[in-house]
Amino acid sequence: MPTPSVGDRCSLRSLAADEPLAGTASTIRHWLLIEHAGPWGRDGLLDARLPDGLGRELRILEGRTGARVLLIRKPHRVPEYDDGTVLCFAADAGDAWLGFTAVGTIADALELDPRDRSSFDGSPHPLFVVCTHGRRDPCCAERGRPLVERLAASFPDLTWESTHVGGDRFAANLVTFPHGLYHGRVEPDEGPEIARGYAEGRIARLDRYRGRSSDPFHVQAAERALRDHLDLDRIDAMTPERSDRRGDRAEVIFATVMGRHRVRLERTLGAPMRLTCHASHEHAPPVWRALEVERTDD
């Protein structure tokens, strides 16, 4: 397949189509982030320069645990430790928990289960992870690398670049842990603002907010609509209490600092487009849109 021109990038097509960001975060609760300087190849696990068979075993670990495994590295590929040990993080986006450990070799990461917190020390600090996986999609490198460089200048110890997180066309993508909050189309100068807000317990740029990875797509979209409606940016300002989805219609009840609210939504199809720079066919992405937001005592 011919290499797409810069003007044909998937991120530009998505932006031109005014594709909403809300409700597009990959739906993942458990994460395992493994330090690896690269190169990563097209498939972050199967094509990376890993010991023979390790990528396949990590993919099996994903299937066994239901977790997403990311390879991460510092922007200048300087390892965290000088002795060759490998730093690993586990995150539970549902409980907003983050832990870390160091293993002797990258192959030892196979012994880790991100659901088992006893293998990790709790982390008192957040993580800011930017997808820069250019072999997967050029948009992630072209838009992600300027963002990660700017972010690392402000938060050098907390910033990492990573393999594919999902949603290439929304690059640059920034995921903040432990909550697993996705932000898309983030400009370099916006990265520190988002990171500072997150450290303070806020979603500083709701216009860049894609959703929380532990929630289904319709709940993500409902949360964004309710935050916009009530102008609430505190992460803990609302919690989904009940969700009912029937086909292309859904209803979500939230408990908020301003009382209980109901959001009704409808799923439609967006404009057909090639969803990645390497895609050969057009697809119409599903879009959840809020129909009604109301206070409720139910």
Side-chain angles (χ1 to χ4, degrees), residues 11 21-22 24-26 28 31-35 68 70-78 80 87-100 121-134 139-168 170-215 220 223-224 227-228 231-238:
S11 58
L21 290 173
T24 64
S26 299
I28 304 157
W31 299 77
L32 180 62
L33 285 59
I34 304 171
E35 185 180 16
R68 169 68 66 84
L70 294 183
L71 301 179
I72 61 171
R73 65 191 178 203
K74 287 296 187 178
H76 298 289
R77 305 195 186 191
V78 177
E80 192 72 7
L87 185 60
C88 301
F89 295 92
D92 181 337
D95 289 343
W97 174 84
L98 181 67
F100 69 96
D121 295 319
S123 174
H125 304 294
L127 281 187
F128 308 127
V129 175
V130 178
C131 178
T132 60
H133 196 172
C139 288
C140 296
E142 293 167 359
R143 295 181 176 272
R145 288 196 180 119
L147 171 60
V148 82
E149 291 284 349
R150 179 66 182 84
L151 196 53
S154 298
F155 299 92
D157 296 332
L158 307 180
T159 301
W160 296 80
E161 54 183 295
S162 78
T163 51
H164 178 63
V165 300
D168 305 338
F170 303 121
N173 284 298
L174 166 61
V175 188
T176 54
F177 291 101
H179 290 82
L181 304 187
Y182 271 64
H183 302 77
R185 300 187 185 129
V186 181
E187 297 294 335
D189 288 344
E190 297 169 347
E193 177 188 2
I194 292 172
R196 281 192 295 270
Y198 183 74
E200 297 168 355
R202 298 184 297 107
I203 302 172
R205 293 294 302 258
L206 285 175
D207 59 328
R208 302 301 192 203
Y209 183 46
R210 294 178 56 191
R212 183 169 177 166
S213 70
S214 55
D215 291 332
Q220 296 175 23
E223 180 204 353
R224 167 67 185 276
R227 287 188 180 277
D228 288 341
D231 192 25
L232 292 176
D233 66 356
R234 297 291 305 178
I235 296 171
D236 61 0
M238 62 180 62

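Glu161 CD to Leu147 CG: the interatomic distance, rounded to the nearest 0.5 Å, is 10.5 Å. Rounding to the nearest 0.5 Å places CH2 of Trp31 at 11.5 Å from CG of Leu127.
Leu158 is listed as a side-chain neighbour of Pro126, based on a closest heavy-atom distance under 4.5 Å. Between Ser11 and Arg185, the closest side-chain pair of non-hydrogen atoms is not below 4.5 Å. Considering only heavy atoms from C-beta on, Arg210 stays 4.5 Å or farther from Gln220 through its side chain. In this structure, His125 and Asp157 have side chains that are not in contact, with every pair of non-hydrogen atoms separated by 4.5 Å or more. Arg208 is listed as a side-chain neighbour of Glu187, based on a closest heavy-atom distance under 4.5 Å.
Using a 3.5 Å distance cut-off with no hydrogens or angles, the side chains of Arg145 and Thr132 do not pair a donor with an acceptor.
The existence of a salt bridge linking Glu223 and Arg227 is confirmed by a sub-4.0 Å separation between a basic side-chain nitrogen and an acidic carboxylate oxygen.
In terms of heavy-atom proximity, Pro192 sits nearest to Phe155 at O-CE1, 4.0 Å. Of all heavy-atom pairs spanning His164 and Arg68, the tightest one is O-NH1, 3.3 Å.
The aromatic rings of Phe89 and Trp160 sit perpendicular, their planes meeting at an angle over 60°, well past the 30° parallel limit. Ring geometry for Tyr198 versus Phe128: interplanar angle over 60°, hence perpendicular rather than tilted (30 to 60°).
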